[in-house]
Number of protein chains: 2
Amino acid sequence: MFRERGYDATTMRAIANEAGVSLGNTYYYFASKDHLIHAYYARSHQDHLAACDPLLESETDLKNRLIGVLAAKIETSQPYHHFAGQLFKTAADPKSPLSPFSHESAPVRLESIELLTRVVEGSSTKVTGKLAQELPELLWTYQMGIILYWIHDDSRDCARTYRLIEQTGDLVVRLVRVSRLPPMRPLVSRALKLVAELRAPLP
Amino acid sequence: MFRERGYDATTMRAIANEAGVSLGNTYYYFASKDHLIHAYYARSHQDHLAACDPLLESETDLKNRLIGVLAAKIETSQPYHHFAGQLFKTAADPKSPLSPFSHESAPVRLESIELLTRVVEGSSTKVTGKLAQELPELLWTYQMGIILYWIHDDSRDCARTYRLIEQTGDLVVRLVRVSRLPPMRPLVSRALKLVAELRAPLP
DNA sequence: GCCTCTTTTTGAACGTGTTCAAAAAGAGTA
DNA sequence: TACTCTTTTTGAACACGTTCAAAAAGAGGC
């Protein structure tokens, strides 16, 4: 229904009606309208994990793995593009359990990070040391940025998002490769130190 | 009032009461509760522009200029940190006139980009060519990222945000400096091409 | 079948943001 | 002062998301 009518025009009363239950009953199953919306996200997340398996088992080039996983994310989310803006809005409240950074979202977040860990570990490009530890989560942040761009992308078939994935994916992989070169070493080291610092538990 | 009670507890009825007008009357002045919230943002934006003048007139080191402007942004926004999450939420709807990417927000956006143009042009580090054209807007996007981090930052006095500004500000300036070196040239060129491509008007 | 406990369902009511027709107030002109 | 037009104000009403006490239904044991 959200697809046909959009978020705003789909009232909880209409949803209850369509499901053949009372209005109050919908709240037995979903804590709020936002939780209902978020169920769509959870589904596309599962779809994404599943869609990535074949790729990660057959492809070893880091760039292709990364770009493939990101593109799959967009593909599995595409049915929901129509109301992705609303999804973003519900996720934007830092205090909401639906925020990607929230405690409640940790399982989904960890699964995504685990997926990106597989991207890195199963590739022919070897990443070691501190960077290996931090890279999956950095890639997750990068993926969040891509999704954010996608939400705002009005191009046909979200062509621009795919373009962004290709180009930045290539760039990211190049950066990963040069990160071991001596001139880059201090920079990378500092960046990783900052990431660890900002991630440390607050006093 | 938003400061004392928080966004949710501050109803339009309470606001009307406090202002000594009727509930309906508040809508004569502000199109919605979100517009009311956004007026705070507009004010802090003006405060920011004003706060940056002294710095930009006296400092010429690019790094110090950039870090100073970003830190000033956080400082001028600090009074509103309490409900910054709600501000982010209202701005998160891509279709909302309050979104930083919206047509209606263009004036504020352009002013911010103009400010960052001043940061670059008035510095002793010379930036030329295509990069000079694109850099202010890229810096604006970077600033948006900082603000987003700030919104989620629960550290004392937002110390982490300042730390992030320092470290990433330094990194950005270093990247700007090395962008002219021959090994970086192709990368930078490609990045700029992508930016221009994604910014072109849609068919 | 009856009893007890748990789960599911209901629908009236609530609070909040918002709308809008009508009234009031303000401003300018003759 | 009266009239006309514009702006501001009002308050009842509306729509929507949500709540919750009570009712209904389900499940298990005797």
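It should be emphasised that the depicted structure is a prediction, and the values quoted were computed from it without experimental measurement. Chain A is the first sequence line, chain B the second, and so forth, proteins listed ahead of strands; every chain is numbered from 1.
- I146(B) CD1 to L164(B) CG: the interatomic distance, rounded to the nearest 0.5 Å, is 4.0 Å.
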Using a 4.0 Å heavy-atom cut-off, write out nucleotides 10-25 of chain C from 5' to 3' as B (base contacted by protein), S (sugar-phosphate only) or - (no contact). BB-B--BBBB------

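- Looking only at side-chain heavy atoms (C-beta outward), E111(B) and Q46(B) come within less than 4.5 Å of each other.
- Following rounding to the nearest Å, R5(A) (CZ) and dC16(D) (C1') show an atom-to-atom distance of 14 Å.
- F30(B) meets the side-chain contact (heavy atoms from CB on, under 4.5 Å) test with L36(B), A39(B); sequence neighbours excluded.
- Among the heavy atoms of the strands, none lies under 4.0 Å from F30(A).
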Return a table of donor-acceptor pairs under 3.5 angstrom between the side chains of residues 77-88 of chain B and protein atoms on other chains or two or more places apart.
unit_1 : atom_1 : unit_2  : atom_2 : d
S77(B) : OG     : K73(B)  : O      : 2.7
Q78(B) : OE1    : W150(B) : NE1    : 3.1
H81(B) : NE2    : W150(B) : O      : 2.9

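- The residues R118(B) and D53(B) are annotated as salt-bridged, a charged nitrogen and a carboxylate oxygen being separated by less than 4.0 angstrom.
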